[in-house]
Amino acid sequence: MRAHLAHLASLGVDALWLSPIHPSPNVDWGYDVADYREVHSDYGTLADYDALVAEARGHGIEVWLDLVPNHTSDKHAWFTERPEYYVWSDDVPNDWKSVFTGGSAWEYDADRKRYYLHQFAPQQPDLDWWNPDVRDEFDGILRFWFDRGVRGLRIDVAHGLIKDRELRDGDEYLRLRPEVHDIYARWQEVAAEYDPKPVLMGETYMNDLDELRPYWQHLDLAQNFPFANAEFTLSELRPIVEWTMAELPRDRQACWFASNHDHSRMATRWAHGNIDKHKAGLFLLLTLPGTAILYQGDEIGLEDGPVPADRILDLATPSRDYERTPMPWTRDGREWQDPWLPLTDTSRNVEDQEDDPNSILNWTRHLIQERKTFSDDTYATDESTNQWVWAYRRGDKTCVINMTAARRLWNGRVLLPWECLIL
Ligand code: GLC
């Protein structure tokens, strides 16, 4: 990672969000944490982490970590030593289902002769956030990393920490509980002990935009999943953007992304491999007001990679490994020796794109520079928008995207398929 910080700096990136770096049996690739205060030996040591933070800062980049507070690994010492930190029941109390197995979210523990809750894999028992000791533990974990220079946290399953106390039937009692916001109010108090205050960004996974609103109370950033999950069409995206910009409280920023380690990449899902369409996707993402998150590879148009069945590592169905294949830095992929997932297609790679002024990489760089020149953080759909061309005002400039694969007439000019302009 340290070797590639210059690449991120040359893009104009402000912060680097790392997926979990902690010791983990890797049943769910780091999202089953066995020790929140250590670094997985595959990645290095705490000293290596400190060096990464220092070096990143030298490039003007802050490091953000992924905090997984909803569940631990069943190999975390707490699961043996502090069973009261988890959610137990004498019998299967309700119809809650595991996201990964599709079966009951309750697993029988033969030693304790009770069932424990696991919203995800059986090896990922859910913590009991009604237990004040769990809250105290996490205050300590936050401070541990903030003391070590972490300037932001991406909070895994941010909508799912609190479960209904009575364990009633129905998904609405498993997730999106209103009491979860108390936890983030408290974490903001912890964060406020630091200057600058670290950013709290939620993986606020919801399909309904209305459900996002309460998360803006105490999270600095709430990731906009309806945006990411929409088709790349004007009719789907425009209402999402307009709703978000209209509803956002004054002191909050929108948070846009179109790829991550759980979703088919934007170059595949949005653009179906079409370079111009992918460039239009990047344009939208990077010219909207607020925070934009790029997933590694978005900047070169990396598509989901082929992974043969015998190389699949992910426990989820459908597999998320296709969007987790390695980053091609060079034409021949020589930098990867025995990568965890195969590197098959290097046709889009950093080396080639560095040299090409029209590359996706240089387009991404250009857009990141441009976004820094908007005079304010406002958004307004321009009246010149028609059913094919999306025009919106950003401060004193107007952004224009031909959202179709055909030439379109807009304001007396002809736009090429997926052409984007800043005027
Ligand atoms: C989040 C992560 C995902 C993980 C799950 C369980 O959705 O992004 O990768 O599998 O939480 O921790």
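Scope of the values below: all heavy atoms of this structure, side chains included, with no hydrogens, waters or symmetry mates. Everything numeric here is computed off the predicted structure, so don't read it as measured data. Start at 1 with the first residue, then count along the sequence. One-based numbering, in listed order, for ligands and for the atoms of each.
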Inset, instruction - Scan side-chain atoms only and decide if Arg154 and Gln223 contain a donor-acceptor pair under the 3.5 Å cut-off. - result: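 Checked: Arg154/Gln223 side chains show no N/O donor-acceptor pair below 3.5 Å.
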Inset, instruction - Check whether the side chains of Trp329 and Asn349 place a donor and an acceptor atom closer than 3.5 Å, and report yes or no. - result: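 Judged by distance alone, the side chains do not pair up.
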Inset, instruction - Would you confirm whether the ring centroid of Tyr86 sits within less than 6.0 angstrom of the ring centroid of Phe79? - result: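 Between Tyr86 and Phe79, which both carry aromatic rings, the centre distance is below 6.0 Å.
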Legend entry - Proximity of Tyr36 and Phe138 rings by center, below 6.0 Å: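 Yes, the ring of Tyr36 comes within the 6.0 Å limit of the ring of Phe138, centre to centre.
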Inset, instruction - Decide salt bridge (charged side-chain N to carboxylate O under 4.0 Å, His left out) for Arg2 and Glu55; before the verdict, give the C-alpha distance in whole Å, the side-chain angles of both, and the deciding distance to 0.1 Å. - result: CA-CA 7 Å; Arg2 284 164 61 190; Glu55 210 168 311; 2.8 Å; yes
Inset, instruction - Mind checking side-chain hydrogen bond (donor to acceptor under 3.5 Å, both in side chains) for Ser19 and listing every partner two or more places apart, or none if nothing turns up? - result: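 With sequence neighbours excluded, Ser19 shows a side-chain hydrogen bond (donor to acceptor under 3.5 Å, both in side chains) to no residue whatsoever.
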Inset, instruction - Report all protein residues having a heavy-atom distance below 4.0 Å to some atom of ligand 1; order the list by chain, then number. - result: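 Correct list: Asp28, Tyr31, His71, Phe100, Phe120, Gln124, Arg154, Asp156, Val157, Glu203, His261, Asp262, Arg320, Arg324.
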